[in-house]
Amino acid sequence: MPRIVLVYTPGPHKDGTREVMENSTRPLFTFGVIADIQYADIDDGFNFLKIRKRYYRNSLELLRSAIQGWKEERVNPSFILQLGDIIDGHNKTHEASDRALEDVVNEFENSLFKVHNVWVNHEFYNFNRNTLFASPINSGENAEPGSGLIDDEIYAYHFSPAPKFRFVVLDAYDLSIIGRDPTSEKYNQAMKILKEHNNNDDLNCPPVSGLLDQRFVKFNGAFSQEQLQWFDEVLTLADQKHERVTIVSHLPVHPHSTDPICLAWNYDAILSILHSHKSVVCFIAGHDHDGGYHIDASGIHHLTLEGVIETHPDSHAFGTVYVYDDQMVLKGNGRVMDRVFTYPNSF
């Protein structure tokens, strides 16, 4: 007998939300989403601009609360998407990187949920790529045959949790001066891109030339040509198989789904690829702690998830996505809104 789950009435609002009702339709599968935990065993502080409070120690409590929430779902998630910044860069200063990562990983491991992790700027503030490839948050290592990591330098892979559905994890810091050896070619490519667009001495300060140029800051990155080609090939195969594809990244790639300062440097290259494939349903990102949402002209949903680190201890910031034949339904908690992602194309 099917279990009762939350679905939504027809007629989405412009922001992608719908009214909630109960229905006996059982989803094909569900998955959890959470972003920017940035745990550190230190007192509360503020963001880079000193205007937003960050609850470093309490972020672990909010993760525990999220895990408990997923366990109490009528349909337990098949997996969790952890969208990056799992621990904060302050851990490096306090020589607590290993301990902090262990604390967060233990919470996930004790939950028994399968977790797909994204590596981004705060991961690279704490560890180099070689260390991360050997760490428990290398979820690409156990990807299905033929879907694993591109190579030993790029953390990108794809997986299929159910027939006709595929998820792609992208490496938004493939080209970056964070996490790359200063003697490497990709570091030099990244520095060249930054210097061409940002004349500030402090490269974490955005350029003032234009709104979209604000993305050219040190704490962002880009996708290499090698990764873009691989991504296009994955989506081409998904088109041929009539699969529905969700892409996972830390950096958003649509200007209307985030503050421009949080965009990937070459977001336009990713958008071009997305719009050339019928299989793409949704692009899920983090990084912008305020969150955001936009459905583009091709009908692709761009979700930027609110960050745990700037969530008040009395609230929450996580969600569960119910996947159906014709749509995906996000049931949010706390700062994360309920939304519906209808599939943009029919094969």
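Index from 1, following the sequence. Scope of the values below: all heavy atoms of this structure, side chains included, with no hydrogens, waters or symmetry mates.
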Review point. At what distance, to the nearest 0.5 angstrom, does CD of Glu109 lie from NZ of Lys114?
Key: 12.0 Å

Point to revise | Student check: side-chain heavy atoms of Asn266 and Leu228 closer than 4.5 Å | key: yes

**Study point:** side-chain hydrogen bond (donor to acceptor under 3.5 Å, both in side chains) partner of Ser279, the single match among Thr246, Thr236, Asp239
**Key:** Asp239

Review point. Is it true that a side-chain atom of Asn91 and a backbone atom of Ile87 form a donor plus acceptor pair closer than 3.5 Å?
Key: no

Point to revise | Short N-O contact, Glu243 and Lys164, less than 4.0 angstrom | key: no

Check your understanding: Side-chain contact, heavy-atom cut-off 4.5 Å: Val248 with Val118?
Key -> yes

**Study point:** Under-4.0 Å salt bridge between Asp290 and Arg52
**Key:** yes

Review point. If Ile, Leu, Val, Met, Phe, Trp and Tyr residues are connected whenever their side-chain heavy atoms lie under 4.5 Å apart, and connections chain through other members, are Leu203 and Trp265 in the same group?
Key: yes

Point to revise | Flag for Asn198-Asn200: side-chain donor and acceptor within less than 3.5 Å | key: yes

Check your understanding: For Ser59, does its backbone N or O pair with a side-chain atom of Tyr39 as donor and acceptor, under 3.5 Å?
Key -> no

Review point. Can you check side-chain contact (heavy atoms from CB on, under 4.5 Å) on Leu101 and Ile137, steps first, answer last?
Key: CA-CA 9 Å; Leu101 183 62; Ile137 59 172; 4.1 Å; yes

Review point. Do Arg335 and Ser315 have side-chain N/O donor and acceptor atoms under 3.5 Å apart?
Key: no

Exercise for review: Measure from the side-chain N and O atoms of Asp259 to the backbone N and O of Asp288, and report whether any donor-acceptor pair falls under 3.5 Å.
Suggested key: no

Review point. Judged by modelled atom types alone, do His289 and Gln38 share a side-chain donor-acceptor pair under 3.5 Å?
Key: yes

Exercise for review: Mark yes when over 12 heavy atoms from residues, nucleotides or ligands other than Glu95 sit less than 6.0 Å from its CD; otherwise mark no.
Suggested key: no

Point to revise | Contacts of Tyr267 that satisfy ring pair (Phe, Tyr, Trp, His ring centres under 6.0 Å) - sequence neighbours left out | key: none

Practice item. Report the C-alpha separation of Phe165 and Phe159 in whole Å, then their side-chain angles, then the decisive distance to 0.1 Å, and conclude whether the side-chain contact (heavy atoms from CB on, under 4.5 Å) test is met. Key: CA-CA 9 Å; Phe165 291 90; Phe159 64 96; over 6 Å; no

Review point. Does a side chain donor of either Gln229 or Gln225 reach within less than 3.5 Å of an acceptor in the other side chain?
Key: no

Check your understanding: Within the side chain of Arg180, is there an N or O that forms a donor-acceptor pair under 3.5 Å with the backbone of Ile177?
Key -> no

**Study point:** Side-chain touch Leu251/Asn220, heavy atoms, less than 4.5 angstrom
**Key:** yes

Check your understanding: Can you name the residues that form a ring pair (Phe, Tyr, Trp, His ring centres under 6.0 Å) with Phe31, not counting sequence neighbours?
Key -> Phe79, Phe167

Check your understanding: Salt bridge check: are Lys331 and Glu73 linked by an N-O gap of less than 4.0 Å?
Key -> yes

Practice item. Kindly compute the distance separating CD (Gln82) from CG (Leu63), expressed to the nearest 0.5 Å. Key: 8.5 Å

Point to revise | Whether Thr311 side chain and Gly307 backbone form a donor-acceptor pair below 3.5 Å | key: yes

Point to revise | Pairs meeting criterion salt bridge (Lys or Arg N to Asp or Glu O under 4.0 Å) with involvement of residues 56-71, two or more places apart | key: Asp41-Arg57, Asp43-Arg57, Glu61-Arg64, Arg64-Glu107

Exercise for review: Flag yes if Ile34 and Tyr55 sit in one hydrophobic cluster, no otherwise; membership is Ile, Leu, Val, Met, Phe, Trp, Tyr, and two members link when side-chain heavy atoms are under 4.5 Å apart.
Suggested key: no

**Study point:** Residue pairs involving residues 115-134 (criterion salt bridge (Lys or Arg N to Asp or Glu O under 4.0 Å); sequence neighbours excluded)
**Key:** Arg129-Asp171

Check your understanding: Does Asp44 CG have over 12 foreign heavy atoms under 6.0 Å away?
Key -> yes

Review point. How about Ile154 and Glu226: do any of their side-chain heavy atoms sit closer than 4.5 Å?
Key: yes

Practice item. Take Trp119 and Phe127, measure what ring pair (Phe, Tyr, Trp, His ring centres under 6.0 Å) needs, and give me the verdict at the end. Key: CA-CA 10 Å; Trp119 301 350; Phe127 308 104; 9.9 Å; no

Check your understanding: Is it true that the side chains of His294 and His302 contain a donor and an acceptor less than 3.5 Å apart?
Key -> no

Practice item. Please report the C-alpha distance between Ser249 and Phe283 in whole Å, then the side-chain angles of each, then the deciding distance to 0.1 Å, and finally whether the side-chain contact (heavy atoms from CB on, under 4.5 Å) criterion is met. Key: CA-CA 8 Å; Ser249 168; Phe283 193 103; 3.5 Å; yes

Point to revise | No-hydrogen, no-angle side-chain donor-acceptor test under 3.5 Å, Asp174 and Ser224 | key: yes

Exercise for review: Treat each ILVMFWY residue as a node, draw an edge where side-chain heavy atoms are under 4.5 Å apart, and state whether Val217 and Met191 are in one component.
Suggested key: no

Point to revise | Close aromatic pair by centroid cut-off 6.0 Å: His158 and Phe231 | key: no

Check your understanding: Is it the case that His301 and Asp296 place a side-chain donor and acceptor less than 3.5 Å from each other?
Key -> no

Point to revise | Distance (rounded to the nearest 0.5 Å) between Ile261 CD1 and Asp213 CG | key: 12.0 Å

**Study point:** Any donor-acceptor N/O pair, Tyr155 side chain to Ser139 backbone, under 3.5 Å
**Key:** yes

**Study point:** Residue pair Asp85 / His287, side-chain donor-acceptor N/O under 3.5 Å
**Key:** no

Review point. Is Leu194 linked to Leu211 within one hydrophobic cluster, defined over Ile, Leu, Val, Met, Phe, Trp and Tyr using a side-chain heavy-atom separation of less than 4.5 Å?
Key: no

Check your understanding: Can you check whether His256's main-chain N or O pairs, donor with acceptor, with His254's side chain at less than 3.5 Å?
Key -> yes

**Study point:** Ring centers of Trp70, Phe318 separated by less than 6.0 Å
**Key:** yes

Revision key, fill the gap. Nearest heavy-atom approach of Gly292 to Glu306 is N-OE2, 4.5 Å

**Study point:** Donor-acceptor contact below 3.5 Å, side chain Ser111 vs main chain Phe108
**Key:** yes

Check your understanding: How about Tyr322 and Phe29: are their ring centres within less than 6.0 Å of each other?
Key -> no

Exercise for review: Return yes if some donor-acceptor pair links the side-chain N/O of Ser184 with the main-chain N/O of Asp181 below 3.5 Å, else return no.
Suggested key: yes

Exercise for review: Look at the side chain of Ser298 and the backbone N and O of Ile300, then say whether any donor-acceptor pair between them is shorter than 3.5 Å.
Suggested key: no

Exercise for review: Please tell me if the side chains of Asp325 and Leu28 come closer than 4.5 Å, counting only heavy atoms from C-beta onward.
Suggested key: yes

Study note, to complete from the structure: To the nearest 0.5 Å, atom CD1 of Ile284 lies from atom CG of Leu303 at 5.5 Å

Review point. Cluster question for you: counting only ILVMFWY and a side-chain heavy-atom cut-off of under 4.5 Å, with indirect links fine, are Ile270 and Ile193 together?
Key: no

Check your understanding: Are Phe113 and Ser78 close enough, and set up right, to give a side-chain contact (heavy atoms from CB on, under 4.5 Å), and what steps lead you there?
Key -> CA-CA 7 Å; Phe113 290 126; Ser78 299; over 6 Å; no

Check your understanding: Checking side chain to side chain donor-acceptor pair (under 3.5 Å) for the pair Asn128/Thr131: CA distance, chi angles, key distance, verdict?
Key -> CA-CA 5 Å; Asn128 61 39; Thr131 299; 2.9 Å; yes

Practice item. Rounded to the nearest 0.5 Å, what's the gap from CZ on Phe133 to CD on Glu153? Could you check? Key: 8.0 Å

Practice item. Hey, could you give me each pair passing ring-ring contact (aromatic ring centres under 6.0 Å, His included) that has a residue in residues 171-213? Not counting sequence neighbours. Key: His197-Phe216

Review point. Which residues, ordered by chain and number, are linked to Ile309 in its hydrophobic cluster, where ILVMFWY side chains connect at heavy-atom gaps below 4.5 Å, directly or through other members?
Key: Ile42, Tyr56

